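Only a predicted model underlies this, so the values are computations on that prediction, with no experimental measurement involved. Only this structure's heavy atoms are used, side chains among them; waters, hydrogens and symmetry mates stay out.
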Amino acid sequence: MEHPRQITVFQATAILVSTIIGVGVLALPLFAVRAADSGAPLVTLLGVLLGFVGLALITVLGMRFPTKSIVQYSEDIIGKWFAWIGSVFIVAFFAVLTSLTAREFGEVVVTSVLTRTPVEVTVIVMLLLAAISTRNNITTFAYIHYFYTPILLGPGLLIVVLSLKNAEVINLQPIWGNEPGGMLLGVVTIAALFQGSFIVTAVIPAMRRPQKAMKASIWGMVIAGGLYVSIVVAAVSVFGAEEIKFLLWPTLELAKATSLPANILERLDAAFLAVWVTAVFTTLFSSYFLTIHSASKLFRLRDYRLFSFFILPIVFIMAMFPQNIMHMYEIIQKVGRVGLIITIAYPGMLLLIAILRRKRGDRVEDKPMD
């Protein structure tokens with residue numbers, strides 16, 4: 001299925017922001033604190049920079065082939081069979097990422113809100129919602145993200161700002177943490193939270209001005225990364241590193257400890273969870289869309305919607321694999337680190353070979369539409 005070039009730079013930025021901000025935001029301060037104690041904000045910032053390196057690589061690569069997705073132009077760069085293997089790993093990785101996102105959503109919901117509801121029900125409901133939504137074209141896909149992005153950013157920034165009234169600057173010292181040796185693994189773990197930005201490979205071929213894709217990538221990473229760093233700074237400065245180590249979802253606890261002025265709302269966790277559900281949906285929506293979009297290119301099908309419900313049972317079974325919450329987070333961290341090979345190393349290799357072999361796709365006429 002060929003898509004009209006209707007996605008603007010603003011919409012591409014919104015897609016990146018709402019895709020990156022997702023389920024991982026709840027445990028983000030815990031991951032960062034485990035790596036570097038009070039150095040958690042620094043670890044998060046370095047993780048954002050590493051995530052941006054990966055996003056920059058796939059953006060530059062996509063701009064060289066503005067009419068094709070990574071599954072298609074990888075065949076032009078390294079040949080059909082090597083590209084096929086790489087594309088299979090891409091499809092499999094994002095199918096696993098989709099399943100883990102759905103499972104994490106289910107665990108949070110049954111733990112915090114619907115305590116008597118089986119986790120299988122919450123997982124299948126979210127997966128069904130994503131499967132139905134992916135049956136729209138990529139223009140509708142962009143509008144959905146564009147609509148929800150302000151809803152995600154507004155409450156997130158509000159909680160950060162209001163929580164700072166309880167902040168203690170001493171909790172952020174030393175800024176490099178007490179055990180800098182663990183920072184490298186922490187940076188990799190944090191960078192793995194930005195792998196959803198790989199969606200840009202499917203967005204660039206539908207952009208009105210693909211030559212401006214880097215602008216969207218930079219703004220997308222600045223906004224999403226800035227919010228992530230702000231959340232970690234707020235959580236560590238309010239609770240302290242040692243207390244966060246005993247909190248499963250520190251960002252949710254931060255919302256509980258925050259109130260609106262004049263006690264209009266005594267605590268913001270209920271409002272935060274409502275926004276968080278939206279954030280999970282947009283992230284799951286993107287990874288599900290990327291999975292079926294890449295699979296359709298891999299098998300040379302014109303319509304990616306054929307896979308919308310076909311992969312649903314597979315993703316659901318994978319989502320049920322973790323035995324409990326701790327097992328789930330252990331798998332998430334391992335899968336995320338391995339996934340950096342697919343989302344950073346593989347595009348980097350493709351870009352290097354494309355430059356050496358002087359491979360480049362068809363240029364797109366510059367049409368000032370946005």
Side-chain angles (χ1 to χ4, degrees), residues 20-52 54 97 100-101 103-105 107-108 111-112 156 159-160 163 166-196 224-257 272 276 279-280 283 322-341 343-344:
I20 293 171
I21 299 172
V23 66
V25 72
L26 284 186
L28 171 67
L30 177 61
F31 292 156
V33 162
R34 280 178 176 173
D37 297 316
S38 59
L42 179 60
V43 168
T44 308
L45 179 61
L46 295 175
V48 172
L49 293 176
L50 181 57
F52 177 71
L97 206 61
L100 292 174
T101 302
R103 177 60 185 272
E104 191 173 358
F105 166 78
E107 291 290 353
V108 175
T111 303
S112 305
I159 288 172
V160 169
S163 66
N166 301 319
E168 296 287 346
V169 179
I170 191 68
N171 289 333
L172 296 170
Q173 296 178 348
I175 58 173
W176 50 83
N178 297 314
E179 297 180 5
M183 291 182 72
L184 181 59
L185 192 60
V187 169
V188 173
T189 302
I190 300 299
L193 298 177
F194 293 84
Q195 289 170 331
L227 180 63
Y228 270 23
V229 173
S230 302
I231 288 174
V232 173
V233 169
V236 175
S237 61
V238 171
F239 298 122
E242 292 305 317
E243 187 174 344
I244 287 179
K245 291 178 182 177
F246 297 99
L247 301 175
L248 184 58
W249 296 309
T251 309
L252 183 60
E253 298 300 326
L254 189 68
K256 285 182 182 177
F272 174 77
W276 177 79
V280 174
T283 301
Q323 298 169 4
N324 49 50
I325 295 178
M326 302 312 295
H327 188 214
M328 177 191 70
Y329 275 119
E330 187 180 330
I331 293 175
I332 286 175
Q333 292 187 57
K334 289 180 179 177
V335 168
R337 291 167 191 160
V338 173
L340 292 178
I341 298 173
T343 56
I344 296 181

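- By the 30° and 60° cut-offs, the orientation of the rings of Phe105 relative to Trp276 is parallel.
- Contact check for Arg337 versus Leu185: side-chain heavy atoms found under the 4.5 Å cut-off.
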Under the side-chain contact (heavy atoms from CB on, under 4.5 Å) criterion, do Phe239 and Leu254 qualify, and how do the steps go? CA-CA 8 Å; Phe239 298 122; Leu254 189 68; 4.0 Å; yes
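- Considering only heavy atoms from C-beta on, Leu193 stays 4.5 Å or farther from Ile20 through its side chain.
- Distance check: Ile21 CD1 to Phe194 CZ gives 9.0 Å after rounding to the nearest 0.5 Å.
- Between the side chain of Ser163 and the main chain of Val160, a donor-acceptor pair closer than 3.5 Å is present.
- Note that CE of Met183 is 12.5 Å distant from OG1 of Thr189, once rounded to the nearest 0.5 Å.
- Contact detail for Pro322 and Ile331: the closest heavy-atom pair is CG-CD1, 4.0 Å.
- For the residue pair Pro29 and Ile231, the shortest heavy atom distance occurs at CG-CG2, 4.2 Å.
- Applying the side-chain hydrogen bond (donor to acceptor under 3.5 Å, both in side chains) test to pairs two or more places apart or on separate chains, those with a residue in residues 24-37 are Asp37-Lys245.
- By the 4.5 Å heavy-atom criterion applied to side chains, Tyr228 and Val232 are not counted as neighbours.
- Atoms CD and CH2, from Glu104 and Trp249 in turn, are 8.0 Å apart once rounded to the nearest 0.5 Å.
- The shortest non-hydrogen separation linking Ile244 to Pro250 is CG2-CG, 3.7 Å.
- Pairing each heavy atom of Leu340 with each of Gln195, the nearest pair is N-NE2, 3.1 Å.
- Annotation: side chain of Gln173 is in contact with side chain of Ile170 (closest heavy-atom distance under 4.5 Å).
- In this structure, Ser38 contributes its side chain and Asn171 its backbone to no donor-acceptor pair below 3.5 Å.
- Listed here is the closest heavy atom pair of Ile344 and Leu50: CD1-O, 3.8 Å.
- Atom CG of Leu49 sits in a crowded spot, with more than 12 heavy atoms from other residues, nucleotides or ligands closer than 6.0 Å.
- Considering CD1 of Ile190 and CG of Leu28, their distance stands at 5.0 Å, rounded to 0.5 Å.
- Remark: Tyr329 OH to Leu100 CG distance equals 11.0 Å, nearest 0.5 Å.
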I'd like to know whether Thr111 forms a side-chain contact (heavy atoms from CB on, under 4.5 Å) with Ile325, so could you lay out the CA-CA distance, the side-chain angles of the two residues, the decisive distance to 0.1 Å, and finally the verdict. CA-CA 10 Å; Thr111 303; Ile325 295 178; 4.0 Å; yes
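- The CE atom of Met326 lies 8.5 Å from the CD atom of Glu330; values are rounded to the nearest 0.5 Å.
- The minimum heavy-atom distance between Val43 and Ala36, with the atom names listed, is CG2-CB, 3.4 Å.
- Residues Pro41 and Ile175 are not in side-chain contact: their nearest non-hydrogen atoms beyond the backbone lie 4.5 Å or more apart.
- Residues Leu30 and Leu247 are not in side-chain contact: their nearest non-hydrogen atoms beyond the backbone lie 4.5 Å or more apart.
- Counting heavy atoms from C-beta on, the side chains of Thr251 and Phe272 come closer than 4.5 Å.
- Judged by distance alone, with hydrogens and angles left aside, the side-chain atoms of Arg103 form no donor-acceptor pair with the main-chain N or O of Met328 at under 3.5 Å.
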